Every structure is written in structure tokens, then in C-alpha cells.
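Working notes, beginning with the structure itself.
Start at 1 and go down the list; that is how both ligands and their atoms are numbered. Just so it is clear, the structure is predicted and the values come from calculations on it, not from any experiment.
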Amino acid sequence: MFLEKFRLDGKAALVTGGSRGLGLEAALALKEAGAKVAVVARRASFFEEARKALGEDALYLEGDVRDEARLEAIAQEVEEKLGPLTVLVNAAGVSWGAPSLEMPVEKVREVLEVNLVGAFLASRVAARRMKERGYGKIVHIASVAGLKGEYPEVLDAVGYSASKGGLIALTRDLAVKWGRWGIRVNALAPGFFPTRMTEKVLPRAEAFLKATLPLGRPGAPGELGGAVLFLASPASDYVTGAVLPVDGGATAL
Ligand SMILES: NC(=O)c1ccc[n+]([C@@H]2O[C@H](COP(=O)([O-])OP(=O)(O)OC[C@H]3O[C@@H](n4cnc5c(N)ncnc54)[C@H](O)[C@@H]3O)[C@@H](O)[C@H]2O)c1
Ligand SMILES: O=C(O)[C@H](O)[C@@H](O)[C@H](O)[C@H](O)CO
């Protein structure tokens, strides 16, 4: 009875940034639960890794989350090929590290544009469709960096932190605005996970994280997918506007 609620058999799910890293892990979790999965990344050449993991049944769609017209076309194609869009995971994201007093302002703008504006655009493209059916699940991959300040030896990326804080505010506001349409909007706030995004930062931050995190280590591959599945599936149908840290206790400090 309860395990059944984690199933997504035959439901269409779209994952932005699903070509690798945490987005790919999200797509794999949704697929394992029975969803028909589409992933978006900026270039077709980025899909090699995802194809190996997700197989030929998945849809691989090129697109930039800053381009709303392209997102509309993607949603249309997903609905034509996979059926009504039930789940959107916004995992597309970029980061730019530099000391805050020297951070190039164009990098702050770029990061906000992808991580915050892009997630908003993908959400409303999905919500226009979900509203018609009175049901939908939107999951943002935010970050603990959006919930608390960071020492520079852990994360020196002010634009990134601001984008994730904005995404958390957006999660709550859209949850309130869209709840009456049956659309649930929630966010995950991962701590440190080893991916392409963190490969340069992790060696510098690891000793600090081991010494300070309640669980004494960064996240490992496979430790986010279950939380994605919870927020994407009927198991969380009475949850909206929530922010779930998956962070080894970083935000409990
Ligand atoms: N790795 C971590 O420790 C960590 C922690 C918290 C949150 N996150 C978030 O998780 C998400 C996934 O990051 P990751 O760690 O897997 O890194 P990653 O660099 O491996 O993945 C980022 C993904 O976003 C896609 N992307 C980037 N810009 C895009 C754009 N403009 N349009 C479409 N797609 C775009 C990339 O192609 C890639 O698939 C990001 O939002 C990131 O901020 C990561
Ligand atoms: O990519 C991210 O979002 C980063 O990994 C941060 O979320 C760190 O986990 C945090 O700075 C640790 O306190």
C-alpha cells in the first residue's frame, strides 16, 4: 500500500540537466519507478553518458533552460511522445567560483539566469500543462548554499548561493500560487556531492566537511535519487512548498 505510492508507472517525467550528475541520478530514480523519462541538456554530445545509463527508451532533447520558446517545444514533444507531463525536475545548474569582492558581475547574472530564471521558465511551461489536468509534481534541485552562508574555503560563489536562495523562495511562492491547481512544488537542498560541478572544489573543501558535518562526509552517488523519487511521486502528495535538505546534517548545525 505504501510502497505503491512511490511508483510512477507510465507517467512522463522531464529532467533538465539530466545528462549527468545529480540530474542523471534523478532521471534514473524516476525510470526505476516506472516513469517515461525525457532529459534536457544544452548539446546532443552531452548525452553519451546518459544514453548508457538510461537506454534508448528515454528522450534526449537539446535545449537551454534560458530559452522559454525552446522549453515550450520540448514540453510539446514530451507530451506527444511520452504522454501528459506529470513530473518536472529542475536540475540544470551552473556555478562560478571567485572571491566575492572580485566576482565578475556577468558571472553572477549568468548563474542567476540559468539556476533561477531557467528553473522558473521550465516550471511555468510545465505548469501550464499540469494545470489543465489538476495534477503535477515539480522538484527543484536547490542547495544548502541557498539556506545558509558558506565559508569561502567551502564555497566561494556568491551568485550561486543567491540563485539557490532565490530558488527556495520561488519554491514556496509557486507552491502557494499553484497548489489550488493540484501542482506540488518542492525543493531538495543537497549538500556536497561529487559531480562535475564540484570536482575542483571538493578536494579543497573535503577536510573541512569531514571535520564539521554531523555525518562526517560529503554525499555519495546514489544518495539523492530516493529523495527525488519521494518528492516526484504520489508518496508526497500532501507535501508542497517544502525544502528537504539532503546534506549530512549541514543545515542542522
Ligand atoms: N554537486 C553538488 O554538490 C550539488 C549540491 C547542491 C546542488 N547541486 C545542484 O544540482 C544540480 C545538478 O548539478 P551537478 O552537481 O550534477 O553538476 P553537473 O555540472 O554535473 O550538472 C549540471 C547539469 O546542468 C546542465 N545545464 C547547465 N546549464 C544549462 C542550461 N543553461 N540549460 C540546460 N541545461 C544546463 C548541464 O548540461 C548538466 O547536465 C545543479 O542545479 C546544482 O546546482 C549540486
Ligand atoms: O554545489 C553545491 O551546491 C555545493 O556542493 C554546496 O551545496 C555545498 O554542499 C555547501 O556549500 C556545503 O556547506
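- In the vicinity of Gly191, heavy-atom distances shorter than 4.0 Å reach the ligand 1 atoms 2 (C), 3 (O), 4 (C), 5 (C), 6 (C).
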Hey, mind stepping through Arg184 and Asp237 against side chain to side chain contact (heavy atoms under 4.5 Å, CB included) and telling me if it holds?
-> CA-CA 7 Å; Arg184 283 78 167 166; Asp237 271 357; 3.9 Å; yes
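- The option with the heavy atom closest to atom 10 (O) of ligand 1, from among Ile141, Leu61, Leu24, is Ile141.
- Ion pairing of Arg43 with Glu62 is absent here, as no side-chain N (NZ or NE/NH1/NH2) approaches a carboxylate O to less than 4.0 Å.
- Numbered from 1 in the order shown, with element, the atoms of ligand 1 that lie under 4.0 Å from a heavy atom of Thr198 read 1 (N), 2 (C), 3 (O).
- Distances from atom 26 (N) of ligand 1 to the heavy atoms of Arg42, Glu199, His140 put Arg42 nearest.
- Atom numbering of ligand 1 starts at 1 in the shown order; those under 4.0 Å from a heavy atom of Arg196 are 20 (O).
- Atoms of ligand 1 lying under 4.0 Å from any heavy atom of Gly17, numbered from 1 in the order shown and given with element: 23 (C), 24 (O), 25 (C), 39 (O).
- Using modelled atom types, no side-chain atom of Asn90 and backbone atom of Thr16 make a donor-acceptor pair closer than 3.5 Å.
- A salt bridge does not link Arg20 with Glu48: none of the charged nitrogens is closer than 4.0 Å to a carboxylate oxygen.
- Of the listed options Tyr160, Phe46, Phe192, Tyr160 places a heavy atom closest to atom 43 (O) of ligand 1.
- Residue contact annotation: Lys164 has a non-hydrogen atom under 4.0 Å from ligand 1.
- In summary, Lys81 and Glu77 engage in a salt bridge, as defined by a charged side-chain N under 4.0 Å from a carboxylate O.
- Remark: ligand 1 and Asp64 share an N or O pair separated by less than 3.5 Å (distance only, no angle test).
- Counting only non-hydrogen atoms, the option in Ala205, Gly93, Gly21, Ala145 that gets closest to atom 22 (C) of ligand 1 is Gly93.
- Note that CG of Leu155 is 11.5 Å distant from CZ of Phe208, once rounded to the nearest 0.5 Å.
- Heavy atoms of Leu22 found under 4.0 angstrom from ligand 1 belong to the backbone as well as the side chain.
- Between Lys148 and Glu150 there is a salt bridge, since a side-chain N of the basic residue sits under 4.0 Å from a carboxylate O of the acidic one.
- Remark: Phe46 pairs with no residue by the ring-ring contact (aromatic ring centres under 6.0 Å, His included) rule, at least two apart or across chains.
- Near Pro190, meaning under 4.0 Å from one of its heavy atoms, ligand 1 places the atoms 5 (C), 6 (C), 7 (C).
- A single hydrophobic cluster is not seen to contain both Tyr135 and Leu8; linkage of ILVMFWY side chains at heavy-atom distances under 4.5 Å, directly or through other members, places them apart.
- Every heavy atom of Thr16 sits 4.0 Å or more from the atoms of ligand 1.
- The nearest non-hydrogen atom to atom 12 (C) of ligand 1, considering only Pro245, Gly63, Ala91, Gly146, comes from Ala91.
- In the candidate list Ala92, Gly23, Ser19, Ala92 is nearest to atom 35 (C) of ligand 1, counting heavy atoms.
- Under a 4.0 Å criterion applied to the non-hydrogen atoms of Val94, ligand 1 contributes the atoms 27 (C), 28 (N).
- The ring-ring contact (aromatic ring centres under 6.0 Å, His included) test applied to Phe6 returns no partner, not counting sequence neighbours.
- For Ala142, every heavy-atom contact with ligand 1 shorter than 4.0 Å involves the backbone, none the side chain.
- Between Glu49 and Lys52 no salt bridge is recorded (no basic side-chain N to carboxylate O distance below 4.0 Å).
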